[in-house]
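The sequence lines fix the lettering, A, B, ..., with proteins before strands; numbering per chain opens at 1.
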Number of protein chains: 2
Amino acid sequence: MDTTDIFEKCLGCRYMVALMRRIGEGIQRPGQLERALEDISAKVLSERLKRLVEYRIVERTNFPEIPPRVEYRLTPFGQRLLAIVDEVEQLHAIASQQAD
Amino acid sequence: MDTTDIFEKCLGCRYMVALMRRIGEGIQRPGQLERALEDISAKVLSERLKRLVEYRIVERTNFPEIPPRVEYRLTPFGQRLLAIVDEVEQLHAIASQQAD
DNA sequence: CGGAATCCAAGAAGATACTG
DNA sequence: CAGTATCTTCTTGGATTCCG
């Protein structure tokens, strides 16, 4: 698992940054996330979550209830990664002001 | 121009991180970059460079000579961005060691 | 409700040829 | 040498359906 994969497979895919942010904000269930992201399909959301788990950015907890309940939350690694993403956001905001 | 674009259109595309690194290391001409990246086609390299210029990560200088010469170098914004990319690299390396 | 499977449309990338 | 255009191929994302 190469480091550039984190950019290509996680951060660079559509919805990914927004998804990580929502999870960081405490929106943890797939149904809620689907509504919060507004535009994402259930299939793509599911794929994204799976990948975030695979890269240990997010952790999945399964509650064996009826109806089924599942929760996702950021790992420590995920939290640090998100903090770095925010650095980019701030850097970009500053650079945009200065442009032209 | 949204911030997530930087992830989706710049950092998340194949070759992009490697390309930024090479430019940062002083490899500045398209022909050299094409050889340095080994696997990239001239067309895709050209598209990537164009986009990096568009996002002000890289600056293009044209020397009107025969044969034509062109050089790309990181802008201050690009340098800071690359520094953040390196943070992710280090963070990931640490997290990988701790895994399992 | 969460998630996997299927099928289809849109976009990204590779190969090649061509221009200034 | 740098860059564009065209064509083809592969990957990604969207819509729908079905299962536990």
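Atom CD in A/E65 sits about 11 Å away from atom P in C/dG2, given to the nearest Å. Rounded to a whole Å, the CG atom of A/L45 is 13 Å from the P atom of D/dG13. In this structure, the NZ atom of B/K50 is 14 Å from the P atom of C/dA12, given to the nearest Å. Here C/dG14 presents its P atom at 7 Å from CG of B/D39, a figure rounded to the nearest Å. In this structure, NZ of A/K43 is placed 19 Å from C1' of C/dC1, rounded to the nearest angstrom. Atom P of nucleotide C/dC1 and atom CD1 of A/I66 are separated by 13 Å, given to the nearest angstrom. One can place CE of B/M16 at 11 Å from P of C/dA12, the figure rounded to the nearest angstrom. Put simply, NZ on A/K9 is 7 Å from P on D/dT12, counting in whole angstrom units.
Taking 4.0 angstrom as the limit, B/R48 places none of its side-chain polar atoms (N or O) nearer than this to OP1 or OP2 of C/dA12. Between A/Y15 and D/dG14, a side-chain N or O to OP1/OP2 separation shorter than 4.0 Å is present. An OP1 or OP2 oxygen of C/dG2 is reached within less than 4.0 angstrom by a side-chain nitrogen or oxygen of A/R29. Considering only side-chain N and O atoms, B/R14 lies nowhere under 4.0 angstrom from the phosphate OP1 or OP2 of D/dT11.
Among the nucleotides D/dA2, D/dT4, C/dG14, the one closest to any side-chain atom of B/V70 is D/dA2. When distances run from any side-chain atom of B/V44 to the nucleotides C/dG2, D/dG13, C/dG14, the shortest one goes to C/dG14.
Using a cutoff of 4.0 Å between basic side-chain nitrogens and carboxylate oxygens, A/K50 and A/E47 are not scored as salt-bridged.
In plain terms, the two heavy atoms of B/R22 and B/A36 that are nearest each other are CD-CB, 4.2 Å. Between A/I23 and A/R73, the shortest heavy-atom contact is CG2-CA, 3.7 Å.
Both A/I40 and A/V53 sit in one connected hydrophobic cluster of ILVMFWY residues. Membership requires side-chain heavy atoms under 4.5 Å apart, directly or through other members.
Across all strands, B/P68 comes closer than 4.0 Å to base atoms (heavy-atom distances).
Geometric assessment of A/R56 against the ring of A/F77 yields a negative cation-pi assignment under the 6.0 Å and 45° thresholds.
Each of A/E47 and B/Y72 was assigned the nucleotide of DNA chain D with the nearest heavy atom; the assignment lying further toward the 5' end belongs to B/Y72.
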